[in-house]
J.: 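Following this message is one structure expressed as structure tokens.
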There are 2 protein chains.
Amino acid sequence: MTVSRVLRNRGDVSEATREKVLEAAKSLGYVPNKIAGALASQRVNLVGVIIPSLSNLVFPEVLSGISAELEDTGLQPVVGVTNYSPEKEEAVLYEMLSWRPSGVIIAGLEHTEAARAMLENAGVPIVEIMDVDGQGVDSVVGISHRRAGLHMAEAIIAAGYRRIGFLGTKMPEDHRARKRYDGFKEGLAEAGITLADEEFYQGGSALAKGREMTETILRRTPDLDFLYYSNDMIGAGGLLWCLDNGIDVPGRIGLAGFNGVDLLEGLSVRLATMDACRREIGRKAAEIIAGRPHQGLIGGEVIELEPVLELGDTIRKG
Amino acid sequence: MTVSRVLRNRGDVSEATREKVLEAAKSLGYVPNKIAGALASQRVNLVGVIIPSLSNLVFPEVLSGISAELEDTGLQPVVGVTNYSPEKEEAVLYEMLSWRPSGVIIAGLEHTEAARAMLENAGVPIVEIMDVDGQGVDSVVGISHRRAGLHMAEAIIAAGYRRIGFLGTKMPEDHRARKRYDGFKEGLAEAGITLADEEFYQGGSALAKGREMTETILRRTPDLDFLYYSNDMIGAGGLLWCLDNGIDVPGRIGLAGFNGVDLLEGLSVRLATMDACRREIGRKAAEIIAGRPHQGLIGGEVIELEPVLELGDTIRKG
DNA sequence: CCCCCTCCCGTTACCGCTAACATAGCGATT
DNA sequence: AATCGCTATGTTAGCGGTAACGGGAGGGGG
């Protein structure tokens with residue numbers, strides 16, 4: 001018992017015994033068994049984080065925000081990846097909840113019915129992240145992808161472009177991409193414009209796909225004067241293709257992507273984009289999980305962040 | 001007890017009771033407590049994975065190999081990130097071991113003394129990945145970064161380049177980058193050549209840094225005819241800078257990076273690089289962890305993979 | 001001198017599950 | 001009918017810690 005007190009820095013132990021315990025622990029190479037500890041104390045210092053993918057670039061950034069915020073709280077993130085599959089999400093969530101984490105951070109608002117039920121009954125703070133367009137189970141931190149798309153449409157129209165094409169992922173399960181798409185079309189519709197053409201892809205290297213799709217769509221509809229890409233990587237691919245083919249950007253054709261991927265800083269021409277506040281989303285979500293027990297919040301906060309439009313060099317000004 | 005048997009598919013239970021149990025579990029929203037289960041059975045279906053960073057692009061790929069291989073084994077990866085800090089690594093490892101995972105996959109061969117001791121005494125299979133240049137604790141899966149650097153040097157010299165510069169990260173703790181650097185200089189030395197200049201960076205967007213550094217080094221040493229970058233992202237930045245500035249690649253100057261990052265497929269000019277077998281490393285490591293209990297291997301395997309040189313378009317041929 | 005309080009350390013009873021063993025039920029075998 | 005063998009289910013005792021409480025030693029106040 002005294003050993004337990006020393007190793008957890010809890011309760012009074014004399015300096016003398018404390019040192020003896022620590023020394024003994026070190027010389028034995030003793031590593032306490034958190035499984036037993038967690039079972040006895042009903043406390044687990046883990047936070048489940050469930051995201052669709054790690055190769056998307058966006059999610060590692062969110063994760064980094066989460067880690068940073070959790071750093072000094074004694075909490076530790078545990079990551080699960082769903083590959084955009086709702087069934088996998090359900091399975092991963094089940095697995096995580098069976099470890100009784102102190103909280104769950106999960107991407108998106110769309111879950112299977114069973115997953116939603118588990119979240120509701122988990123009895124710990126839940127934060128759904130990335131997206132605020134919909135109804136959350138508990139707390140929500142994100143941006144409105146619908147409005148992001150809408151604002152981009154407005155900016156494009158304000159810049160004088162009229163023949164607009166959309167390039168994106170096939171998005172059966174990427175709800176956020178779909179919401180941007182919907183918002184974008186809505187924004188165009190407000191100005192009485194409809195999408196002149198669109199092109200979707202699946203899998204493969206995004207940069208290369210961006211090139212291919214750009215070539216395809218411009219061959220099919222040569223009079224397009226703007227291309228809106230559903231993410232920065234395919235946008236960058238398109239931009240490179242335009243530059244290689246001597247197309248005047250943003251004069252002859254304008255381009256924009258989405259996400260504000262730092263990785264692309266360093267292209268000769270900066271792609272117009274919209275920052276999705278990824279690190280910030282991670283931070284806020286972690287803050288909610290970490291703060292809940294102390295502040296005794298009842299939950300259900302909804303934090304909507306504002307994505308910032310960065311015009312870059314691929315939308316003409318004035 | 002019967003419930004336990006049903007939920008684990010273990011032992012004989014009649015079909016009738018099995019169904020009753022499952023139905024009851026579902027209607028109660030029962031999620032078994034793995035903490036208690038693990039404590040009682042002394043078995044934990046988690047594999048600790050400790051890597052330096054998630055933003056490096058390389059590690060998510062390794063992870064994806066691990067996840068894929070673990071998919072049907074009932075084992076689940078739990079990721080810890082060290083930010084290239086040995087102290088953080090030690091802390092993360094301690095935290096992980098306190099959950100008594102079924103195995104640990106950890107990047108690199110260099111650890112603090114305490115970390116090494118923990119690995120040795122963990123009593124579960126340990127796989128050190130990425131690097132085989134050194135002495136491992138248990139199993140090792142990776143490539144020889146020293147030889148990767150060396151081979152690149154040979155290829156560059158064979159192509160006729162002589163005034164060679166190196167651009168890389170400041171690498172107090174990136175041992176693999178250092179080993180490539182050492183191997184590279186060794187390769188040059190064999191041909192009686194020494195590095196004509198070098199430049200190091202830290203932090204920031206790699207693409208942008210690649211541009212900056214390339215400009216800096218070429219301004220300082222204008223007669224360089226080859227630049228070897230310690231990773232593909234800064235290499236790509238350098239490549240873009242050269243293209244923007246109308247420098248003839250690979251005629252006037254040759255370029256090469258390291259890693260074979262898929263992300264960059266789609267640049268107009270393919271950067272010479274060396275594939276580091278990242279997914280494969282992940283797969284093999286996971287295979288060792290997953291296979292150990294069944295096959296009763298004693299451990300200590302060393303699997304060295306061969307990185308493949310891809311000449312791309314930035315080293316002149318013949 | 002007694003009482004009470006504080007500081008330290010020990011005792012006891014779980015936490016929720018599973019390994020191992022015990023037992024009940026029932027048909028087949030001798 | 002007694003025994004055996006098998007399947008299906010129940011019982012018991014932990015797993016390695018922690019919460020909650022107990023209690024001895026020492027000190028200060030009345």
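Throughout, protein chains are lettered first and strands after them, A, B, ... in sequence-line order, and every chain is numbered starting at 1. Note that the structure is a prediction, hence the values are computed from the model and not measured. Atom set for the values below is all heavy atoms of this structure, side chains included, hydrogens, waters and symmetry mates excluded.
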J.: Among the nucleotides dT18(C), dA19(D), dG17(D), which one has an atom lying closest to any side-chain atom of Arg8(A)?
T.: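 Closest of the options to the side chain of Arg8(A): dA19(D).
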
J.: Can you tell me how far P of dT7(D) sits from CZ of Arg5(B), to the nearest Å?
T.: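 Those two atoms, CZ and P, are 13 Å apart.
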
J.: Assess the side chains of Ser4(B) and Arg8(B): does a donor N or O sit below 3.5 Å from an acceptor N or O?
T.: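 Side-chain D/A pair, Ser4(B) to Arg8(B): present.
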
J.: Below the 4.0 Å mark, does dC8(C) have OP1 or OP2 next to a side-chain nitrogen or oxygen of Thr17(A)?
T.: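 The answer is no; no side-chain N or O of Thr17(A) sits under 4.0 Å from OP1 or OP2.
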
J.: Is it the case that the side chains of Thr82(B) and Ser85(B) hold a donor-acceptor pair, with the cut-off being a distance below 3.5 Å and no angle test?
T.: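 No donor-acceptor contact under 3.5 Å links the two side chains.
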
J.: In whole angstrom, what separates Met1(A)'s CE from dT12(C)'s P?
T.: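 Taking CE of Met1(A) and P of dT12(C), I get 14 Å after rounding.
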
J.: What is the separation between atom CD on Glu15(B) and atom C1' on dT7(D), rounded to the nearest whole Å?
T.: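 Interatomic distance, CD of Glu15(B) to C1' of dT7(D): 14 Å.
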
J.: Atom CG of Asn9(B) to atom P of dT18(C): distance rounded to whole Å?
T.: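 Nearest whole value for this atom pair: 12 Å.
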
J.: Please report the distance, rounded to the nearest Å, between CG in Leu39(A) and C1' in dA19(D).
T.: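 That distance rounds to 13 Å.
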
J.: Using whole Å, report how far CZ of Arg10(B) lies from C1' of dA19(C).
T.: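 Taking atom C1' of dA19(C) as the reference, CZ of Arg10(B) is at 11 Å.
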
J.: Closer than 4.0 Å, any side-chain N/O of Tyr30(A) to the OP1 or OP2 of dG17(D)?
T.: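 Answer yes for this pair, as a side-chain N or O of Tyr30(A) is under 4.0 Å from OP1 or OP2.
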
J.: What nucleic acid atoms does Arg43(B) come within less than 4.0 Å of, heavy atoms only: base, sugar-phosphate, or nothing?
T.: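 The residue Arg43(B) makes sugar-phosphate contact but no base contact.
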
J.: Can you tell me which nucleotide in dA19(D), dC9(C), dC15(C) comes closest to the side chain of Ser41(A)?
T.: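 My answer, after comparing the listed nucleotides, is dA19(D).
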
J.: Provide, to the nearest angstrom, the distance between the NZ atom belonging to Lys34(A) and the P atom belonging to dG16(D).
T.: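 These atoms are roughly 17 Å apart.
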
J.: Cut-off 3.5 Å, side chains only: do Arg180(B) and Asn231(B) have a donor facing an acceptor?
T.: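 No, no side-chain donor-acceptor contact under 3.5 Å.
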
J.: Choosing from dG17(D), dG16(C), dG10(D), which nucleotide comes nearest the side chain of Asn33(A)?
T.: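 Of the candidates, dG17(D) comes closest.
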
J.: Measure from the side-chain heavy atoms of Ala40(A) and tell me the nearest of dA8(D), dG17(D), dG14(D).
T.: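 Selected nucleotide (nearest to the side chain): dG17(D).
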
J.: How far apart are the C-alpha atoms of Glu61(A) and Arg279(A), what are their side-chain angles, what is the distance that settles it, and do they pass the salt bridge (Lys or Arg N to Asp or Glu O under 4.0 Å) test?
T.: CA-CA 6 Å; Glu61(A) 288 185 62; Arg279(A) 264 187 81 92; over 6 Å; no

J.: Quick check on salt bridge (Lys or Arg N to Asp or Glu O under 4.0 Å): which of Asp174(A), Asp133(A), Asp131(A) does Lys179(A) satisfy it with?
T.: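 Exactly one pass, corresponding to Asp131(A).
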
J.: Under 4.0 Å from OP1 or OP2 of dG16(C): is there any side-chain N or O of Gln42(A) that close?
T.: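 For dG16(C), OP1/OP2 do have a side-chain N/O of Gln42(A) under 4.0 Å.
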
J.: Between Ile35(A) (CD1) and dT18(C) (C1'), how many Å, whole number?
T.: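 Result: 13 Å.
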
